[in-house]
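Contents: one structure, followed by commentary.
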Amino acid sequence: MTNKPKVDSPIRGLVIELLNAMTLSEKIGQLSLVPGGGPSGTSELVDSIKQGRLGGILNEIESARVEELQRVAVEESRLGIPLLFGRDVIHGFKTIFPIPLGLAACWNREVVYQCARTAAVEAAAAGINWTYAPMLDIGRDPRWGRVAETFGEDPYLISELAREMVTGFQGEDLSEPDSIAACAKHFVGYGASESGRDYNTTNIPMNELHNVHLRPFRAAIEAGVASMMTSFSDFDGVPVSANHHLLTEVLRGTLGFDGLVVSDFKSISQLTVHGLTGSDRESAREAALAGVDMEMSSSTYEENLERLLTEGRITMTDIDRMVSNVLTLKARLGLFDRPHASRTHSRPVSPREHLASAYRAAVESVVLLKNHANCLPVDIGRLKALAVIGPMADEPYEQLGTWVFDGDSALSQTPLDTLQTRFGETVKIQYARGVPNTRSKDRSGFAEAVRIARESDLAILFVGEESILSGEAHCRADIRLPGCQQELVAEIAKTGKPVVAIVMAGRPLVLQTLLDRADSVLFAWHPGSMAGPALVDLITGEKVPSGKLPVTFPRMTGQIPIYCAHKNTGRPATDETYVHIDDIKRGAFQTSVGNTSFYFDAGYTPQFPLGFGLSYVDFEFANIRLSSAQLRPGEVLYVEADLTNRGTVEAEEVAQLYVRDLVGSVTRPIKELVGFKRVTLKPGETKTVEFSLTSDDLAFYNRNLKFVSEPGEFHVWIGGSSDTELRAEFELLAE
Ligand code: BGC
């Protein structure tokens, strides 16, 4: 689905007419996006609106106030220009879906679309007309708290989901009452914050910028995304909010983006803190000339653009260009015709329908990492006694995850709630937190937890990270289970009772201790409002796990960054060349352990690869075949395999397609995701999964940053995970 912005002539006419009528102060006002004042800031805010000194307000979500402020803008300002009302609506508004990393784990375009559509309907009903999503940063460092907000590590997966999220928020037409403008962020490279510490400098080679980091933004632009937010980060010495090359040459030029560019929160005034500029005036000039149209939360434009203009250091053409992008978005949103929140309600908001969508997303997002001796599913109704243990079992707020400003935790159904409601009458359910919260080192609750485990037939442990441990600025250098949860798991395992562990977390974790001790492990991210029903249905087998990892899980934190589409190096490790630290002979000669690319202590493979996820059934992929051994540009190559459900229940598998370009004018990744689809299979059923490839799917940016497909040999794989070995070969021919 694409929804490319059409700046048609009536909109252009309106914008020109307004620009001709506006004073300089009114123009500069349109470039200002300020936080809502709350009751205390009201009079100042209202005055600014009356004087036409504001273009938009963020974080004002009390609908009566939104309505009133919009009324002032339209009725009491000289030109009656309506306001943008922006808010971070990231993975739901009131009804909360899994965090974006969890949504990505569904590997389901439709689910992501539904999340955004549901959020748009709810947010629009509160008067919001602009969201700061989707976040399209590459998530290759799980220490980085914002990995929770990403769609994971892979540019193809992120791009596919970016399109859906943009379309979901913006609807068929931005001017529809329940459409809201999307904002792709953070342009560009923020995910590469060094050492996974938020806001840190990035170090991105040009080739990687184009082949990896820009790809999802290109997809969002193709889907018609209305706005872009600049990254906080430094890019090769020039912070992105002042980076003319990125914002003008690449974004406007190469990518052809014609929407609104907004700064991140105070990222323009922070240019002085970066050490790029010595004053706010210089920051305003750098950002304006680089291509930032609207300033979020700081006031360098408001305070300095007029002076810069009189000094001749920026021009009226620059200002008009910026203002025109703001006005065009307002016009595309239909705000000049229907400025008020009451432009919404094309149909009533249906909480039940929304919760059903959130439930489906939660079910599909959960990844089964381990299932020893088919410990799962469990027929809970047949147990005599069940122990529910852990700090995440009954946390209506914590299960929602990061960025849930408006999330209604009263809608949350926790796993404990659901278990008690469904089985409380027939099974003796005992509950102990074990630890006060996920970070706590207080072990005084262990004894009680061990006691109830001993008295039960099964212990279900809910461990992980509270919401606050991931998200913006919430980074961790050690990504094992925090607090003393590892010890809690070990104590419960010592009881000898079967242990099912559910991990709720905002990032991949290093899980070795848990994997060693629990019989089964489900990784649930932060599942959102419907965590309880989704998880209980998965535990009982009412639903079969089908989530797949959108990001590689390391064995140890020190392996980071570790991801699927890496380069081969000149000295790749193999099982034959790998030497474990315990196997090095005393006094070993320097080269006696070989010279290949691995860690003595962590090896060279991840704990779990991209795309990994078990099911309650065994799926078998076989007979990979190609429609031809050669692909000519302009033609289509079909790649097929047979997929069989070897289990006894119906289940869904995510079939994944990977390629490797063996020789490139720039080195190519050892395996790249290029396709995926969800397939439902009855017990014993075999289906053919078919993918198509064209030369465009194999193209990349070469040494001269030209997008080319180079003839040569390719490997292609189909499977249920990136470590699939079901491979075929073909040749891409020259034009
Ligand atoms: C974040 C953005 C967010 C903005 C507005 C910033 O701190 O980096 O992602 O949209 O705040 O809340």
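As the structure lists them, so they are numbered: ligands from 1, and atoms in each ligand from 1. Side chains included, hydrogens not; waters and symmetry mates left out as well; all remaining heavy atoms used.
- Of all the atoms in ligand 1, the ones that sit under 4.0 Å from a non-hydrogen atom of F265 are 6 (C), 7 (O), 11 (O).
- Residue-to-ligand polar distances keep Y190 apart from ligand 1: every N/O pair is separated by 3.5 Å or more.
- Of the N or O atoms in E149, none lie within a sub-3.5 Å distance of an N or O in ligand 1.
- Close contacts of ligand 1 with M229, meaning ligand atoms under 4.0 Å from a residue heavy atom, involve 2 (C), 10 (O).
- For the pair M228/V188, no side-chain contact is recorded, criterion being any heavy-atom separation below 4.5 Å from C-beta on.
- The contact set between ligand 1 and K185, taken as ligand atoms under 4.0 Å from a residue heavy atom, comprises 2 (C), 3 (C), 9 (O), 10 (O).
- The N/O atoms of E472, backbone and side chain alike, include one that comes under 3.5 Å of an N/O atom in ligand 1.
- Proximity of a side-chain donor or acceptor of S32 to a complementary backbone N or O of G55 within less than 3.5 Å is not detected.
- Shown in contact with H186 at under 4.0 Å from a heavy atom are these atoms of ligand 1, numbered in order with element: 2 (C), 8 (O), 9 (O).
- A side-chain contact (heavy atoms from CB on, under 4.5 Å) with F151 holds for exactly one of L157, V112, L101; it is V112.
- In terms of heavy atoms, Q30 sits closest to K330 at OE1-NZ, 2.6 Å.
- Counting heavy atoms only, D88 comes closest to atom 10 (O) of ligand 1 of the residues N59, V262, D88.
- Using bins of under 30°, 30° to 60° and over 60° for the plane-to-plane angle, the ring pair F232/H186 lands in the parallel bin.
- At a 4.0 Å heavy-atom cut-off, ligand 1 does not touch M135 at all.
- By the 3.5 Å distance cut-off applied to N or O atoms, W403 is not counted among the residues near ligand 1.
- Looking at heavy atoms from C-beta onward, S409 lies in side-chain contact with L400 at the 4.5 angstrom threshold.
- In terms of polar-atom proximity, R146 is counted as a contact of ligand 1, with an N or O under 3.5 Å from an N or O of the ligand.
- A salt bridge is absent between D258 and R332: the closest approach of a Lys/Arg side-chain nitrogen to an acidic carboxylate oxygen does not fall below 4.0 angstrom.
- In summary, the atoms of ligand 1 found under 4.0 Å from a heavy atom of Y132, numbered by their order in the structure, are 10 (O).
- Look at D178 and R117 and you find a salt bridge, because one of the NZ, NE, NH1 or NH2 atoms lies within 4.0 Å of a carboxylate O, short of that distance.
- Under a 4.0 Å N-O distance rule, the pair R197/E194 does not qualify as a salt bridge.
- From the protein, the heavy atom lying nearest to atom 4 (C) of ligand 1 is D264 OD1, 3.4 Å.
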